[in-house]
Amino acid sequence: MYRTVPELRKTFSGPFCGHAYELDKARQSIHRIMSSRLAFWLVRRRPAQLSLSVPASLLRTTPCRLSSSTSHFNPATAPASPVRPFVFRAILSTLRFSFRALILTTLGFVIAAAPAYDTMIAITSPPSDAETVSLFTPQDDDAQVKENFINSHPLTLSLRANPDFIESRPHMKIPEAWRNRNLTGGVLMGPGKVVVPPFSFSEKTGKNFVQISHVGTDLCGHMGVIHGGFLATMLDEGLARCCFPVLPFNVGMTAKLDINYKAPAMADQYLVLRATTAKVEGRKAWVEGHIETLPSKEGEEPTVLVTASALYISPKQAATMAKVYPVK
């Protein structure tokens, strides 16, 4: 095969030997070269270098196996290359890749953010106090029995009839996706523990607070006796909820908590937490309270199990905390 234009020029400039085979081979070489994009570029840029001298008589008299379109091919009139310049192809490829990457990235973000959508709605639009009362659905007969007992107890009915108190179940305001990472709202909830979310009654003025709950057999320290640390956790949270209405942005952090244990708290029983706000000074609130048994019979006196006093301070960043987490 003739690989370069000088070789073709040298071959066609000398005697052509008169053989049809050599002429056919030369024409095939010309056709292959001129069919490439490089040949088109050379024709447009330097047509003088591709001028070939072939005897006209030889072309007329020698038979050719090539098609008529190939035998009459004229390099000087070769069409311009239809291929776009490299820079335009590069830009087009870049745009295509960027568009696909944008679509895939957006799709991945949507898929990843979908589970968090409900959580964001729960944070920005938490349920009202009245709505939380009916949000819990008992999962078994045991939970249903305890739910019905608290709902029908005389103490619950009397607090509901008092217009100065607001009933709620604060733990139901915690977004469901966060409850597994919340101690009192998720970890300590469930069969054998706090079977049903506690019922809370908060006075509108922030003076008094009452909470009714049931504690199971899986919250014990000694066998059959509720762990003292759990009771301390109940008091810490309950006393704080008592003073929330009088603190800026309804947020308070525990600064001090004193606890005195009076009697063993037996497992598998109903408990009542009572708290009273003793004093308020600016961002500080002092609260006193205790946990007692819930009488199961009319006329039965409750037993005080543990007493506590605490100091709560509303932090300077309370405004931000109130927006992020529904504490009230």
Side-chain angles (χ1 to χ4, degrees), residues 136 138-159 165 167-172 174 179 182-202 208-243 254 256-278 286-312:
F136 175 72
Q139 300 298 317
D140 51 41
D141 294 339
D142 181 63
Q144 187 65 63
V145 169
K146 292 175 172 55
E147 180 88 356
N148 295 338
F149 181 85
I150 296 176
N151 272 315
S152 60
H153 196 275
L155 176 61
T156 304
L157 297 178
S158 64
L159 289 171
F165 283 87
E167 182 182 6
S168 66
R169 303 179 92 165
H171 299 96
M172 300 307 295
I174 303 173
R179 291 176 190 171
N182 186 278
L183 179 63
T184 57
V187 177
L188 297 177
M189 290 283 183
K193 296 178 283 188
V194 181
V195 181
V196 297
F199 288 82
S200 299
F201 298 87
S202 178
N208 294 293
F209 177 84
V210 181
Q211 177 178 286
I212 306 174
S213 59
H214 180 275
V215 291
T217 56
D218 295 346
L219 300 173
C220 297
H222 298 286
M223 184 62 66
V225 180
I226 298 298
H227 196 289
F230 174 76
L231 298 177
T233 301
M234 287 183 61
L235 286 166
D236 183 24
E237 188 173 277
L239 270 60
R241 294 191 185 280
C242 178
C243 66
T254 308
K256 182 180 179 181
L257 178 64
D258 292 329
I259 298 178
N260 295 306
Y261 295 96
K262 301 295 185 178
M266 306 309 294
D268 195 18
Q269 69 169 329
Y270 298 91
L271 300 179
V272 178
L273 185 150
R274 297 181 182 271
T276 302
T277 302
W286 286 262
V287 187
E288 298 175 352
H290 66 270
I291 295 177
E292 64 186 24
T293 58
L294 178 65
S296 58
K297 299 178 182 180
E298 186 177 354
E300 182 181 352
E301 291 296 325
T303 301
V304 177
L305 305 175
V306 55
T307 62
S309 61
L311 169 62
Y312 297 94

Closest non-hydrogen contact found for Leu239 with Ala275 is CD1-CB, 4.0 Å

Is the number of heavy atoms from other residues, nucleotides or ligands under 6.0 Å of Asp140 CG greater than 12? yes

CA sep, side-chain torsions, deciding dist, call: Met266, Val225, side-chain contact (heavy atoms from CB on, under 4.5 Å): CA-CA 5 Å; Met266 306 309 294; Val225 180; 4.1 Å; yes

Shortest non-hydrogen pair, Ser200 vs Pro170, comes out as OG-CD, 3.4 Å

Are any side-chain N or O atoms of Thr156 and backbone N or O atoms of Ser152, one a donor and one an acceptor, separated by less than 3.5 Å? no

Would you confirm whether Arg274, through its side chain, and Glu288, through its main-chain N or O, come within 3.5 Å as a donor-acceptor pair? no

Contact check, side chains of His153 and Leu294, non-hydrogen atoms, under 4.5 Å: yes

Does a side-chain heavy-atom distance below 4.5 Å link Asn208 with Phe201? no

Pairwise distance CG(Leu305) to CG(Leu271) - rounded to 0.5 angstrom: 6.0 Å

Would you give the length of the straight line joining atom CG of Leu235 to atom CG of Asn260, rounded to the nearest 0.5 angstrom? 10.5 Å

Any idea which heavy atoms bring Phe136 and Val195 closest together, and the distance? CZ-O, 4.0 Å

Using a 6.0 Å distance limit plus a 45 degree cone around the ring axis, check whether Arg169 lies over the aromatic ring of Phe199. yes

N/O donor-acceptor pair under 3.5 Å between Asn148 side chain and Gln144 backbone: yes

Hey, does Pro154 have a side-chain heavy atom less than 4.5 Å from the side chain of Leu157? no

Does the side chain of His222 come within less than 4.5 Å of Pro264's, by heavy atoms? no

Is there a donor-acceptor contact under 3.5 Å from the side chain of Thr293 to the main chain of Thr303? yes

I want to check something: taking the side chain as every heavy atom from C-beta on, are Val215 and Leu231 in contact at a cut-off of under 4.5 Å? no

For Cys243 versus Tyr312, what's the shortest heavy-atom pair and its separation? SG-CD1, 3.9 Å

Going from OG1 on Thr184 to NZ on Lys193, what distance comes out if it is rounded to the nearest 0.5 angstrom? 12.0 Å

For Ile291, does its backbone N or O pair with a side-chain atom of Lys262 as donor and acceptor, under 3.5 Å? no

With distance as the sole test, does His214 use its side chain to make a donor-acceptor pair with the main-chain N or O of Glu147 at under 3.5 Å? no

Pair Val194, Leu219 - check side-chain contact (heavy atoms from CB on, under 4.5 Å), show working. CA-CA 8 Å; Val194 181; Leu219 300 173; 4.1 Å; yes

When rounded to the nearest 0.5 angstrom, what distance separates CD1 in Ile259 from CE in Met234? 11.5 Å

Spatial distance of atom CG (Asp236) from atom OG1 (Thr254) [nearest 0.5 Å]: 3.5 Å

In sequence, state the C-alpha distance, the side-chain angles, and the governing distance for Tyr270 and Leu155, and then conclude on side-chain contact (heavy atoms from CB on, under 4.5 Å). CA-CA 12 Å; Tyr270 298 91; Leu155 176 61; over 6 Å; no

Between Tyr261 (side chain only) and Gly228 (backbone N and O only), is there a donor and an acceptor less than 3.5 Å apart? yes

Flag the pair Met189 / His171 as yes when at least one side-chain heavy-atom distance between them is below 4.5 Å, and no otherwise. yes

List the steps, then state whether side-chain contact (heavy atoms from CB on, under 4.5 Å) holds for Thr277 with Phe209. CA-CA 9 Å; Thr277 302; Phe209 177 84; over 6 Å; no

